[in-house]
Protein chains: 2
Amino acid sequence: MCSMSTAPPTRGGTFGDFMINIADVARHAGVSTATVSRALSGGHHVSPATRLRVEASAAQLGYVVSSNASSLASGRMKNIGVVVPFLNHWFFASVVEGAQQALQRHGYDLTLYNLTGGLEARRSVFEHFLLRQRVDAVIAVSLELSENEVARLHALDKPLVGVGGPLAGVRTLTVDDLAVARLATEHLIALGHTRIAHIGGDKAFDLDFNLPTNRRFGYEAALAAAGIVARRDDFRPADFTTAGGYQAAKQLLGRPHERPTAIFAASDEMAIGSILAARDLGLVVPGDVSVIGVDDHELADFFGLSTVAQFPQQQGEKAVEVLMQELRPHPESRTGLNINMPFELIVRGSTARPMV
Amino acid sequence: MCSMSTAPPTRGGTFGDFMINIADVARHAGVSTATVSRALSGGHHVSPATRLRVEASAAQLGYVVSSNASSLASGRMKNIGVVVPFLNHWFFASVVEGAQQALQRHGYDLTLYNLTGGLEARRSVFEHFLLRQRVDAVIAVSLELSENEVARLHALDKPLVGVGGPLAGVRTLTVDDLAVARLATEHLIALGHTRIAHIGGDKAFDLDFNLPTNRRFGYEAALAAAGIVARRDDFRPADFTTAGGYQAAKQLLGRPHERPTAIFAASDEMAIGSILAARDLGLVVPGDVSVIGVDDHELADFFGLSTVAQFPQQQGEKAVEVLMQELRPHPESRTGLNINMPFELIVRGSTARPMV
DNA sequence: TGTGACCCTGCAAGCGATTGCAGAATAAAT
DNA sequence: ATTTATTCTGCAATCGCTTGCAGGGTCACA
């Protein structure tokens, strides 16, 4: 039933090592291992009858191809690496989840690399883990890669796609942050607001790429286009957390007569913080102040928060599709370097016309 | 510099396949591949001088062991599989993050399996992905496994540890949910509360294992021990979301004179929902009603929520430690089947003595 | 100087697949 | 019926590394 090799010194695995291998299946089906291999992978160049027989044998024996042996021989790993800065955050977790599901559909595994562990960990990922020939391609999520790191990845000569970018010389999926911010701001303007504050980040706060800056620019562009002069003190930098948004909003709304009638927060978490701050100040949302965010965070619905949704899960899926495209022997219609991802205004109850 | 094999038909990898292999290093260092292998893995049975030379060569050539070849030959994958029901949730993401970091320290990769994709996806994970000989061990996070699934995992003859359990016949890390609930409830009792409501789940709501039920029992046990009779209508089932907690609390607190003075919510998200519900009803926390949760969610601090913390990240790390223990050639001090994980009462501002 | 005991190192046989090449079998064409 | 084109299938080399075994050195002790 199992391997009946000429009993060489047994190695590998633990003692009760009864793993079915391709030779067992071949024997069982009465064909060569070559045929088994072909039958089980695509079935080309194998007669239907044989293929069926092999498949039956494999199923009966509960045989599953050893990915190591297969990879070693073929050079295909059926595995892709996903690198994220943190996992413990709604956005990243969603991207990974989306990628994971898409990969699973394609029969690929997902190996996760998490950079939370600090610089040392980061280095080891790029100088060691990713070079182990374990992945066919890499998805880098919201990562600012140093030149050195990009070089290393390119040296792998493996497809690489970024989510959130752009990343110099790397195919990247991005939402147009500038447009997102403009859309949110324009929504407020369309409602009649003219005194619109912004909670976000600027250069100094640029976490990944220029996301905060871009959103700020979008906000400013929308105001400018509407002929509204942005006041300097209607912008507050914050750290993209609920608490940060809360504090910033407290400041913005704390000045009774100087108060903006609307706040555009660069993330839903900050927007939620703003809503809570408004309440604590005795203000009504959207009566006294409208609030809009970005993300469509899971709590957005609960808080009735208007927002510009981006779809992280879908971004993960799309990244996988792009990679699958490139992994195919003859990449057909390669997409351009930068792929724009959709976003969408979702109006809930937190925005309304300003009171006159 | 690179492989100078007798130019057989080139296969595997893409064209520019300039991967340094062990033979290159051996040549460069003037030793055999066997010695390179030994020098690079532990360095036992190799003279210090040789080892240094080999290490230098490897570094100079930028050589990294091919994990496939290594795994195939040794039977060790240096990779472990982590199976989670969702990723898109604070708790799971934290466990995975903890595990990932610990694994990285041990030089292991983490392959993620996510069961979000429904039954079909779940089946394929257990009947295909995990059997590919790609992992040395499996960590199952908060999974209720069917007998069939446990059987399959055991058939792998690979270490398996669960996080959140218990899981029949599987070494599992668990927090004692009953004790957690009792601790939270006792805190309220110690403050002088006698009318303590509970938002959680019961049998019908049992998501994973009996977590909701156990927490409910803990609550009841604490009340009973204090000689307090639990009122039937002081318990509200909810779905462990903020919105669910909000609604449940609205009901509990909506009855002016029948109102409990404290709420123990089985999760921080529900506790936060409760706090928001209380505010919406014009009640002050903790003045009118104390609220305590479980988890120490990232927002707990922001809301000043008292809670019983569990440490998911630490749970992930611990799971890895346990596995590493078992993967060692001679498992030394095996831990028992069930390993209790720590939890801790964190008192913030949401709990106080009841008003008299 | 002889002689185990030990320590290093190399040889070569795997690990379990994939795949180019060529021969066998079958079908199509003349 | 013979040749040619087409499928199928098997042989055997290979992927890159690990490791049991044995040979060669070195060293200490007698």
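So that the names make sense, note that chain A is the first sequence line, chain B the second, and so on, each numbered from 1.
Note: Thr116(A) OG1 to Gln100(B) CD = 7.5 Å, rounded to the nearest 0.5 Å. Distance check, rounded to the nearest 0.5 Å: CD1 of Ile80(A) to CG of Asp136(A) gives 8.5 Å.
The phosphate of dC17(D) (OP1 or OP2) has no side-chain N or O of Ser74(B) nearer than 4.0 angstrom. The side chain of Ser70(A) places no N or O atom within less than 4.0 Å of a non-bridging phosphate oxygen (OP1 or OP2) of dA17(C). OP1 or OP2 of dT9(D) lies within a sub-4.0 Å distance of a side-chain N or O belonging to Thr50(A). OP1 or OP2 of dT18(C) has not a single side-chain nitrogen or oxygen of Ser41(A) nearer than 4.0 Å. Applying the 4.0 Å criterion to OP1 and OP2 of dG20(D), one finds that Arg38(B) has every side-chain N and O outside that range. In this structure, Ser47(B) reaches the dT9(C) phosphate: one of its side-chain N or O atoms is under 4.0 Å from OP1 or OP2. Distances shown here put every side-chain N or O of Arg134(B) at or beyond 4.0 Å from the OP1 or OP2 atom of dA17(C).
Nucleotide dG16(C) holds its C1' atom 9 Å from the CD atom of Gln133(B), rounded to whole Å. Taking atom CG on Leu72(A) and atom P on dA17(C), their separation rounds to 12 Å, with Å as the unit. Here the P atom of nucleotide dG10(C) and the CZ atom of Arg27(B) are 14 Å apart, to the nearest Å. With rounding to whole Å, Asn68(B) atom CG is found 12 Å from dT18(C) atom P. With rounding to whole Å, Arg132(B) atom CZ is found 17 Å from dG16(C) atom P. To the nearest angstrom, P of dT18(C) lies 11 Å from NZ of Lys78(A). For His45(A) and dC21(C), the NE2 to P distance is 13 Å, given to the nearest whole Å. The separation between Arg51(B) atom CZ and dC7(C) atom C1' is 14 Å, rounded to whole Å.
Residue Val36(A) is classed as having no contact, given no heavy-atom separation below 4.0 Å to the nucleic acid.
The nucleotide whose nearest atom lies closest to any side-chain atom of Val46(A) is, among dT9(D), dA17(C), dG10(D), dT9(D). The side chain of Ala34(B) approaches dA12(C) more closely than any other nucleotide in the set dC17(D), dA12(C), dA17(C). Relative to the side chain of Asn21(B), the nucleotides dA12(D), dG16(D), dA17(C) differ in distance, and dG16(D) lies closest. Closest to the Thr35(A) side chain, of the nucleotides dT9(D), dG16(C), dT18(C), is dT9(D). Considering only the side chain of Tyr63(B), dC17(D) comes nearest among dC11(D), dC17(D), dC8(C). Set against dC8(D), dC11(C), dC17(D), the side chain of Ser66(B) has dC17(D) as its closest nucleotide.
When each of Ile22(A) and Arg53(B) is assigned the nucleotide of DNA chain C with its nearest heavy atom, Arg53(B) is the one assigned upstream, toward the 5' end. Mapped onto DNA chain C by nearest heavy atom, Ala69(B) and Val31(B) fall at different nucleotides, with Val31(B) at the one closer to the 5' end.
Contact between Tyr108(B) and Phe129(A) at its shortest, heavy atoms only, is O-CE2, 3.3 Å.
Distance alone, capped at 3.5 Å, is enough to place a donor-acceptor pair between the Asn21(A) side chain and the Asp24(A) backbone.
A cation-pi geometry, defined here as NZ or CZ lying under 6.0 Å from the six-membered ring centre and within 45° of its normal, does not hold between Arg123(A) and Phe126(A).
Between Phe92(A) and Phe86(A), the ring-plane angle classifies as tilted under the 30° and 60° cut-offs.
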